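Worksheet: one structure, shown below.
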Amino acid sequence: MRNTQATKLLFELSQAGRRGNEFPRPDVPDAVADCLPAKFLSDERPALPELTEPDVIRHFTNLSTLNMSVDTHYYPLGSCTMKYNPKRHERLASLPGLVDLHPYQSETDLQGMLGLLFELQEMLAEIAGLPAVSLQPAAGAQGEFTALLVASAYFRDRSENRTKVLFPASAHGTNPASAALAGFDCVQLKPSGSGFVDLDELRSKVDDQTAVFMITNPNTLGLFERDIAEISHILHDAGGLVYIDGANMNAILGITRPGDFGGDMMHYNVHKTFTGPHGAGGPGAGPIAVRDFLADYLPGPIVTRDAESGTFALTNPEKSIGRVRSFFGNVGILLRGYFYLRTLGADGLRTASEDAVLNANYLKTLLHDVLPVPNGGRCMHEFVASAETLKHERGISAMDLAKRLLDYGFHAPTVYFPLVVPEAVMVEPTETESKATLDAFSAAVHQIATEETDFVHNAPHTTPVSRPNEVQAARQPVLKWQCGSDCK
Ligand SMILES: *Cc1c(COP(=O)(O)O)cnc(C)c1O
């Protein structure tokens with residue numbers, strides 16, 4: 001049921017004289033008035049809305065129900081791994097012994113927390129097949145940026161002047177963005193018809209100026225790059241490094257490892273692969289893992305364990321590039337990842353990946369007649385279908401389909417990414433969904449494909465906002481309530 005109250009602003013709900021709890025004035029001297037210069041103090045109350053506590057709680061609770069979330073809806077948003085976030089890990093990460101710590105406490109006080117972070121470093125190193133880990137980066141994109149700074153420091157140390165970072169045409173936008181921010185020139189490979197990296201094209205672009213080749217594996221089309229070992233040889237023969245964008249690790253946990261197929265550096269997205277919630281742009285965690293010869297350049301502090309005493313300490317790698325995040329990174333999300341890893345264990349992780357791949361192939365097959373996948377064959381944990389035929393025959397584009405799915409109670413898949421597939425619909429079911437949910441999603445897609453075109457063009461019909469002008473919404477967002485006649 002639509003809740004109109006929820007679409008009103010607090011300022012519109014305001015009624016003069018409404019209050020929450022008001023405490024008596026303190027009978028001790030007002031410290032604020034004493035330490036702030038008089039010219040900064042106002043005699044008037046700020047023009048804030050006046051509401052009772054229930055007014056405020058209902059407002060925000062109702063607002064929270066206007067959006068879709070993993071806890072309320074199936075969310076097959078390709079590339080983002082929107083798997084269920086187990087509540088058990090929320091509870092564990094909220095234990096008083098963890099949340100009541102302060103990062104400025106002494107290392108002695110922090111032994112328990114440092115122990116967990118140390119174990120997490122070890123587990124991430126093992127899963128990556130790369131021995132040295134920094135937990136600092138706050139997101140995948142920052143992990144990319146950090147690893148590129150590490151690469152930069154490494155080459156500088158060797159007096160090698162390498163200025164280029166290469167990536168395939170299907171790369172996630174953060175790859176070139178990170179490379180540019182880290183001061184490299186970006187070189188994009190020409191798209192190949194097959195969806196895989198074209199080795200001849202790669203060979204023609206790799207030279208003694210090449211610092212890093214960034215590649216997502218499985219790649220953005222949800223296909224495992226079968227030539228990854230050869231790709232790594234090409235880079236290593238030229239003295240360059242291979243960066244594995246680990247956003248798609250959910251397909252290969254415990255099955256294969258970036259370090260084993262030639263990667264020198266990688267990032268994890270703890271909020272994707274290891275069930276940390278994706279919270280409206282943050283907080284996330286993007287730890288990186290690197291080869292031994294890059295370990296000295298990692299950002300500090302790293303948690304180390306004294307072999308004899310077993311105590312944990314914070315240390316800075318010898319030639320560290322410095323901090324990229326305050327304290328030890330986004331510990332709250334790292335802890336959720338830690339508990340996830342401990343809950344599943346090595347066998348459980350492998351099963352999670354196998355189920356993620358099974359679910360994707362099952363759904364891909366169900367949707368095949370309406371949304372064929374141009375790059376055919378088996379996929380990994382996600383697939384990129386095309387709505388081109390649907391658009392051509394029925395006038396229903398990828399965007400129309402995405403919008404109409406909201407009326408059926410499904411979050412839309414990723415659309416129009418990657419750019420190499422026309423009318424792209426990128427579906428990532430994840431392993432946490434049941435067969436019944438995948439069947440229902442497929443039934444909805446098939447139903448929409450038969451619906452009247454105009455009706456689909458005007459969808460969604462059941463959401464508070466239907467189709468905002470997306471460019472205008474991005475360029476001129478209306479975020480601020482305009483003060484009207486009812487406000488002084
Ligand atoms: C999500 C994603 C990123 C960026 O990760 P964030 O944690 O959102 O910064 C990079 N590459 C790929 C392939 C992704 O899917």
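Please read these numbers as outputs of a predicted model, since none were measured by experiment. Counting starts at 1 for both ligands and their atoms, in listed order. Counting from 1, the numbers follow the sequence of the chain as shown.
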What short N/O contacts, under 3.5 Å, does ligand 1 make with the protein, listed by atom pair and distance?
residue  : atom   : partner : partner atom : Å
ligand 1 : 5 (O)  : Asn269  : ND2          : 2.9
ligand 1 : 7 (O)  : Gly140  : N            : 2.8
ligand 1 : 7 (O)  : Asn269  : ND2          : 3.0
ligand 1 : 7 (O)  : His271  : NE2          : 2.7
ligand 1 : 9 (O)  : Gly140  : N            : 3.3
ligand 1 : 9 (O)  : Ala141  : N            : 2.8
ligand 1 : 11 (N) : Asp245  : OD1          : 3.3
ligand 1 : 11 (N) : Asp245  : OD2          : 2.6
ligand 1 : 15 (O) : Ser79   : O            : 3.0
ligand 1 : 15 (O) : Ser79   : OG           : 2.7
ligand 1 : 15 (O) : Lys272  : NZ           : 2.8

Side-chain atoms of residues 120-135: list all donor-acceptor pairs with protein atoms under 3.5 Å, sequence neighbours left out, distances to 0.1 Å.
residue : atom : partner : partner atom : Å
Gln121  : OE1  : Val303  : N            : 3.0
Gln121  : NE2  : Val303  : O            : 2.9
Ser134  : OG   : Gln136  : N            : 3.2

Residue list, salt bridge (Lys or Arg N to Asp or Glu O under 4.0 Å) with Arg404, at least two apart or on another chain: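 Result, salt bridge (Lys or Arg N to Asp or Glu O under 4.0 Å) vs Arg404: Asp407, Glu451.
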Determine whether Tyr340 and Lys83 make a side-chain contact, defined as any pair of heavy atoms from C-beta on separated by less than 4.5 Å.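 Tyr340 reaches Lys83 side chain to side chain.
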For Lys391, is the NZ atom crowded, meaning more than 12 foreign heavy atoms sit under 6.0 Å from it?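 No, not enclosed.
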Which pairs, with at least one residue in residues 314-334 and sequence neighbours excluded, count as a ring pair (Phe, Tyr, Trp, His ring centres under 6.0 Å)?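 Output for this query lists Tyr104-Phe327.
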So is Arg226 actually on top of Phe196's ring, under 6.0 Å and inside 45° of the axis?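 The answer is yes; both the distance and angle limits are met.
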